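The structure presented is a predicted model; accordingly, all values stated were derived computationally and were not measured.
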Amino acid sequence: MIIAVDGPAASGKGTIAKALAKHYDLPHLDTGLLYRAVAATVKRLELDPTREADAVAACDFDELTLADPVLRDDEIGKLASIVSAHPLVRAALFQRQKRFANQEGGAVLDGRDIGTVIAPAAEAKLFVRATPTIRARRRHAELQGNGSPVTFDQVLADIRARDQRDSSRTTAPLVPAPDAALLDTSFLSIEASVEKAINLVEARRRKS
């Protein structure tokens, strides 16, 4: 069983995907970490994230990079949004994600184009969303907890800028798959969001 979980930044898709993986005893991949690894490599090598050739050169990163805590930094997140817009970067990382999705027994993947590009034949697809303001509050609280001095207005502006880049790019834009179940977490607790996600997956399994 392949479960695809898509959605914008801070929508809760990562938390939901991890919970689904645990519930169904499936391996989980946060595909956003791949793009963050490219971004971190671009920064380390002092390359230009806006140049496609530079970003592609950073795609050949060591697997150990995925465990580096620096990938969670807000600056790396911003750079990841930039490098992920390059078609050749997405092409370079495509097969890695495809192999993970198609492994024996299935998998849970979360990202922005899982249900539309990486695993269009997934048994269950969720598109997780929340209002920009609520997502900014979540991310701001997370950053404050990590000691970041960033303001709420800065986080909200960044959220909106990422949404614009992700939804308007020509290659694999952030859009719900036609057969994805929508899950709005704006006013749901983590527990309620996970419960609803499991119910949506079960409904799709019964239907198929």
Q: Provide the closest heavy-atom pair for Asp184 versus Ala130 in the form atom of the first, atom of the second, distance.
A: OD1-CA, 3.9 Å
(Q) Tell me whether Arg36 is salt-bridged to Asp30, with the criterion being a basic N under 4.0 Å from an acidic carboxylate O. (A) no
(Q) So, using side chain to side chain contact (heavy atoms under 4.5 Å, CB included) as the criterion, who are the partners of Ala124 when residues are at least two apart? (A) Ile3, Val201, Arg204
Q: Step by step, work out the side chain to side chain contact (heavy atoms under 4.5 Å, CB included) result for Gln144 and His140.
A: CA-CA 6 Å; Gln144 279 192 317; His140 185 237; 3.5 Å; yes
Q: Please report the shortest heavy-atom distance between Val42 and Ala58, naming the atom on each side.
A: CG2-CB, 3.5 Å
Q: Output yes when Glu142 and Arg72 qualify as a salt bridge under the 4.0 Å nitrogen-oxygen rule, no when they do not.
A: no
Q. What pair of heavy atoms forms the shortest contact from Leu66 to Ala37, and how long is it?
A. CD2-CB, 3.9 Å
Q: Please determine if Asp54 and Arg51 form a salt bridge, counting it only when a charged side-chain N lies under 4.0 Å from a carboxylate O.
A: yes
Q) With the 4.5 Å side-chain cut-off for hydrophobic clustering, are Leu33 and Val108 part of the same group? A) no
**Q.** Distance in Å, Asp74 CG paired with Arg139 CZ, rounded so as to fall on 0.5 Å steps
**A.** 6.5 Å
(Q) For the CD1 atom of Ile159 and the CD1 atom of Ile134, what is their distance to the nearest 0.5 Å? (A) 12.0 Å
**Q.** Side-chain heavy-atom pair Ile118, Phe100 within 4.5 angstrom cut-off
**A.** no
(Q) As an exercise, state the distance from CZ of Phe127 to CZ of Arg112, rounded to the nearest 0.5 Å. (A) 9.5 Å
Q. Do Arg138 and Thr185 meet the criterion of a side-chain donor-acceptor pair at a distance under 3.5 Å?
A. yes
Q: Determine yes or no for a side-chain-to-main-chain donor-acceptor pair under 3.5 angstrom, with Asp73 supplying the side chain and Glu75 the backbone.
A: no
Q | side chain to side chain donor-acceptor pair (under 3.5 Å) between Arg165 and Ser81, worked out | A | CA-CA 7 Å; Arg165 282 195 299 268; Ser81 182; 2.9 Å; yes
Q) Cation over ring, Arg96 on Phe61, under 6.0 Å and within 45°? A) yes
Q. How far apart are the closest heavy atoms of Ala80 and Ala39, and which atoms are they?
A. N-CB, 3.5 Å
Q. Checking side chain to side chain contact (heavy atoms under 4.5 Å, CB included) for the pair Leu34/Val38: CA distance, chi angles, key distance, verdict?
A. CA-CA 6 Å; Leu34 301 179; Val38 173; 5.9 Å; no
Q) Could you give the distance from CG (Asp158) to NZ (Lys78), rounded to the nearest 0.5 Å? A) 5.0 Å
Q: Verify side chain to side chain contact (heavy atoms under 4.5 Å, CB included) between Asp110 and Leu20, making sure each step is shown before the conclusion.
A: CA-CA 11 Å; Asp110 72 84; Leu20 288 172; over 6 Å; no
Q: Using atom types as modelled and distance alone, determine if a side-chain donor or acceptor of Ser186 lies under 3.5 Å from a backbone N or O of Thr131.
A: yes
(Q) Would you say Leu174 ends up clustered with Ile82 if hydrophobic residues are merged whenever their side chains have heavy atoms under 4.5 Å apart, either directly or through other cluster members? (A) no
Q) Any side-chain donor-acceptor pair under 3.5 Å between Thr151 and Asp153? A) no
Q.
Strictly distance-based, threshold 3.5 Å: is any side-chain N or O of Asn199 a donor or acceptor partner for the main-chain N or O of Glu195?
A. yes
Q: Any pair with a residue in residues 167-178 that passes side-chain hydrogen bond (donor to acceptor under 3.5 Å, both in side chains), sequence neighbours left out, goes on the list, sorted by first then second residue, please.
A: Asp166-Arg169
Q: May I ask whether Ile114 and Ile198 are part of the same hydrophobic cluster, defined by side-chain heavy atoms of I, L, V, M, F, W, Y residues being less than 4.5 angstrom apart, directly or through others?
A: no
Q) At what distance, to the nearest 0.5 angstrom, does CZ of Phe152 lie from CG of Leu143? A) 12.0 Å
**Q.** Donor-acceptor pair, side chain of Lys125 and main chain of Pro120, under 3.5 angstrom
**A.** yes
Q | Of all pairs that satisfy side-chain hydrogen bond (donor to acceptor under 3.5 Å, both in side chains), the ones with a partner from residues 5-24, not counting sequence neighbours | A | Tyr24-Glu202
Q: Would you kindly confirm whether Leu47 and Leu93 end up in one hydrophobic cluster when ILVMFWY residues are joined by side chain heavy atoms under 4.5 Å apart?
A: yes
Q: Determine whether more than 12 heavy atoms belonging to other residues, nucleotides or ligands lie under 6.0 Å from atom CG of Leu182.
A: yes
Q: Check whether Phe187 and Leu200 end up in the same hydrophobic cluster, where Ile, Leu, Val, Met, Phe, Trp and Tyr are linked by side-chain heavy atoms less than 4.5 Å apart.
A: no
Q.
Between the side chains of Arg135 and Asp163, is the shortest nitrogen-to-carboxylate-oxygen separation below 4.0 Å, so that they form an ion pair?
A. yes
(Q) Using modelled atom types and a 3.5 Å cut-off, is there a donor and acceptor pairing between side-chain atoms of Gln97 and backbone atoms of Thr31? (A) no
Q) Taking the side chain from His86 and the backbone from Pro49, do they hold a donor-acceptor pair closer than 3.5 Å? A) yes
Q | Distance-minimising heavy-atom pair for Ala172 and Asp113 | A | CB-OD2, 3.4 Å
Q: Find the distance between CZ (Arg90) and SG (Cys59) and round it off to the nearest 0.5 Å.
A: 10.5 Å
Q: Take Thr41 and Asp62, measure what side chain to side chain contact (heavy atoms under 4.5 Å, CB included) needs, and give me the verdict at the end.
A: CA-CA 10 Å; Thr41 303; Asp62 190 292; over 6 Å; no
